[in-house]
Amino acid sequence: NTQVSNYLDINPGIFSDIINISSDGGVSSANVNTENLNIIKANLTKLMNEALSQDNPCKVKVPVANLIGVTFLSGIGSPVTITMKPVSRVLIDFENKFVSEGINQTHLLLYLKVKVTVMAIIPGLRRSVSVETDIPVGESVFMGNVPNYYAMGNGLQMAIKGE
């Protein structure tokens, strides 16, 4: 989270670097700059992997009963110190969402989807935990012309712009 927040603070124009919004005669469009999108994904993935790789091995004290897997004696026995090495994997992707906001507006939302999987490697045992989050990167509202007539029936919508 810290790495992504710092990156977004340093690069406040990410939304406009990725999404180019143009308007031509009342019709708006959004084009994705794939090159910038891939560069941002690569930079964020690198930053997050570097931050996670700095996690040093940690020591955990585990009761003997837990260590040998006797569940009904959980928490019993002398604690044994185990050195654990965290190993992580980061997956980053962008996701967009278009939401209708009435008869003449569309709301574009751009999210950064981050999934981090951390595996704790203990001699003879591996456990992993995955955390996923969506981070809003930017949004825009497309405004269209308001039609003079609007009808809806049998699942069809019709908007007519008069002279």
Side-chain angles (χ1 to χ4, degrees), residues 1-60 82-122 125-163:
N1 192 32
T2 303
Q3 294 299 321
V4 173
S5 294
N6 290 342
Y7 189 84
L8 293 175
D9 286 344
I10 293 169
N11 302 287
I14 283 184
F15 184 76
S16 59
D17 290 343
I18 297 171
I19 304 290
N20 180 25
I21 298 172
S22 59
S23 181
D24 182 26
V27 177
S28 297
S29 66
N31 298 311
V32 176
N33 185 329
T34 309
E35 182 180 352
N36 284 351
L37 183 126
N38 288 329
I39 289 169
I40 292 166
K41 281 173 48 175
N43 288 340
L44 281 169
T45 302
K46 180 182 174 191
L47 286 171
M48 292 181 72
N49 279 325
E50 287 173 355
L52 289 169
S53 70
Q54 293 176 3
D55 289 339
N56 296 322
C58 58
K59 297 187 182 214
V60 178
I82 297 175
T83 302
M84 183 172 62
K85 171 70 176 152
V87 177
S88 59
R89 180 179 70 171
V90 176
L91 297 172
I92 294 177
D93 206 358
F94 283 93
E95 183 176 283
N96 63 52
K97 187 178 186 182
F98 285 93
V99 180
S100 177
E101 300 288 345
I103 61 173
N104 69 332
Q105 295 178 14
T106 302
H107 193 180
L108 167 63
L109 302 157
L110 182 66
Y111 293 96
L112 181 65
K113 296 185 75 60
V114 179
K115 179 179 180 181
V116 178
T117 302
V118 178
M119 179 180 288
I121 300 175
I122 302 170
L125 182 65
R126 291 180 183 209
R127 294 281 188 239
S128 65
V129 175
S130 292
V131 177
E132 295 183 45
T133 187
D134 294 341
I135 301 167
V137 174
E139 61 185 325
S140 183
V141 175
F142 294 92
M143 301 291 289
N145 295 327
V146 177
N148 291 341
Y149 176 77
Y150 181 81
M152 185 171 152
N154 294 331
L156 300 173
Q157 294 182 1
M158 181 183 354
I160 300 172
K161 178 74 176 156
E163 295 291 326

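As the structure is a computational prediction, the values presented were derived from the model and not from experiment. Just the heavy atoms: all of them, side chains too, but no hydrogens, waters or symmetry mates, feed the values below.
Ser130 OG to Arg89 CZ: the interatomic distance, rounded to the nearest 0.5 Å, is 7.0 Å. The line from CZ of Phe98 to CG of Leu109 is 9.5 Å long, rounded to the nearest 0.5 Å. Here the straight-line distance linking atom CD of Glu35 with atom CD1 of Ile40 works out to 10.5 Å at 0.5 Å rounding. Between the CE atom in Met48 and the CG atom in Leu91 there is a gap of 10.0 Å [rounded to 0.5 Å]. Distance check, rounded to the nearest 0.5 Å: CD1 of Ile19 to OG of Ser140 gives 9.5 Å.
Qualifying side-chain contact (heavy atoms from CB on, under 4.5 Å) partners for Asp93, counting only residues two or more places apart in sequence or in other chains: Lys41. By the side chain to side chain donor-acceptor pair (under 3.5 Å) test, Glu139 is found to be paired with His107, residues two or more places apart in sequence or in another chain being considered.
Side chains of Thr117 and Ser128: a donor-acceptor N/O pair is absent below 3.5 angstrom, by distance only.
For residues 2-17, the set of pairs meeting the salt bridge (charged side-chain N to carboxylate O under 4.0 Å, His left out) definition, not counting sequence neighbours, is empty.
Contact annotation: the side chain of Leu37 approaches that of Ile18 to within less than 4.5 Å [non-hydrogen atoms, C-beta and beyond]. In this structure, the side chains of Val4 and Leu112 come closer than 4.5 Å at one or more pairs of heavy atoms. Contact check for Asn96 versus Leu108: side-chain heavy atoms found under the 4.5 Å cut-off.
The nearest pair of heavy atoms linking Phe94 to Val137 is CE2-CG2, 4.1 Å.
Of the residues listed (Val116, Ile135, Leu44), the one engaging Ile92 in a side chain to side chain contact (heavy atoms under 4.5 Å, CB included) is Leu44, and it is the only one.
For the pair Asn33 (side chain) and Asn36 (backbone), a donor-acceptor distance under 3.5 Å is present.
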